[in-house]
Amino acid sequence: MPTILGQNQYGKAENRVVKITRDGDTHHIKDLNVSVALSGDMSDVHLTGSNANCLPTDTTKNTVYAFAKEYGIESAEQFGIHLARHFVTSQEPIHQARIRIEEYAWDRIATSDANSKFIGADEVNHSFVRKGQETRVTQITYDGEKWEVISGLKDLIVMNSTNSEFWGYVKDKYTTLQEAYDRILATQVSGRWRFNWSDDEQRMPNWEKSYEQVKKNMLEAFAETYSLSLQQTLYQMGSRIINSRSEIDEVRFSLPNKHHFLVDLEPFGLKNDNEVYYAADRPYGLIEATILRDGVEPQIPADMTNL
Ligand SMILES: O=c1[nH]c(=O)c2[nH]c(=O)[nH]c2[nH]1
């Protein structure tokens, strides 16, 4: 049966590019997911196996990262226009380029002392929380006498664009990781905290206020900790909650280390001055720990924070 080639397109999908622009101590983030689809004179590629007209999808990926450096990311639209124009005007066989971009928006983490003269402005200018609501969760258990309330949240995404290092770790023959003295620290917080309230119905915590304050403490600790590891940041987040919320005795966190790798732009003659990152989604380091008030028995199950 004769067949014919119908509509076709190709390119690299979902290039996760994070661009940090450093304006002194004030950092700005652009976080995009860029998909490239090219079409044109691609019959031979499909029909004869000749790749003479085929610009590799790998090249389209590299172009996205190189353009983040060369043109910056003013807006998703502007960035997409640069890319689409480039592919169509620089390659004769390419007649159409479709660039789809998702943009993830970030807010700055505001600490309560943000306007205080005692805290430098950069305490918050490099700390971000991704826009959009986290999911708030709770589990209540009652045996007719005692109550156990464990509350928490998941999918709260935060990033520090500086004040994070990781070095001095164990090195064995399989270790290739380079020591980092200024890296991005990003995580998607899943946390659970256990209330010490168990029976007196007259003296219940104010659940709404407690949630808001726990979240605030957690974000402030994340923003204000100069981090030598995600483990250290996790501990600071937990102890800030225990120390400031008397109604809570135990906190457990599960923190995926959302790795951001500096893109090597040298092959394109460009210098990457800690500006253009590849946001990897997997694999990821997974850092988990419980922080307890001294003298308290742990009760939050280890697997609960991963639900
Ligand atoms: O904060 C970190 N903790 C680790 O245990 C670890 N391991 C790794 O490869 N990178 C990191 N980062």
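Indexing begins at 1, ligand by ligand and atom by atom, following the structure's order. Residue numbers run from 1 in the order of the sequence given.
- The Gln231 neighbourhood of ligand 1 comprises atoms 1 (O), 2 (C), 3 (N), 4 (C), 5 (O), with distances under 4.0 Å to a heavy atom of that residue.
- No donor-acceptor contact under 3.5 angstrom links the side chains of Ser190 and Ser254, judged on distance only.
- In summary, Glu250 and Arg293 do not engage in a salt bridge, as defined by a charged side-chain N under 4.0 Å from a carboxylate O.
- Using modelled atom types, one finds a donor on one side chain and an acceptor on the other under 3.5 Å when comparing Thr290 with Arg252.
- Less than 4.0 angstrom separates some heavy atom of Ser229 from each of these atoms of ligand 1: 1 (O).
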Inset, instruction - Check the pair Lys216 / Glu212 against salt bridge (charged side-chain N to carboxylate O under 4.0 Å, His left out), numbers first and verdict last. - result: CA-CA 6 Å; Lys216 181 166 175 291; Glu212 289 312 320; over 6 Å; no
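- The residue Leu185 has no part lying near ligand 1, judged by heavy-atom distances below 4.0 Å.
- Within ligand 1, the atoms closer than 4.0 Å to a non-hydrogen atom of Arg183 are 1 (O), 2 (C), 11 (C), 12 (N), numbered from 1 in the order shown.
- Listed for the Asn160 side chain is no donor-acceptor partner under 3.5 Å among the backbone atoms of Asn163.
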Inset, instruction - Quick one: do Thr21 and Lys30 satisfy side chain to side chain contact (heavy atoms under 4.5 Å, CB included)? Show the steps, please. - result: CA-CA 8 Å; Thr21 307; Lys30 278 289 188 185; over 6 Å; no
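- In this structure, Glu165 falls outside the shell of residues with a heavy atom less than 4.0 angstrom from ligand 1.
- Short contacts between ligand 1 and Leu177, defined as distances under 4.0 Å to a heavy atom of the residue, involve ligand atoms 8 (C), 9 (O).
- By the criterion of a heavy-atom distance under 4.0 Å, both the backbone and the side chain of Leu230 are placed next to ligand 1.
- For atom 11 (C) of ligand 1, the closest non-hydrogen atom of the protein is Phe166 CE2, 3.4 Å.
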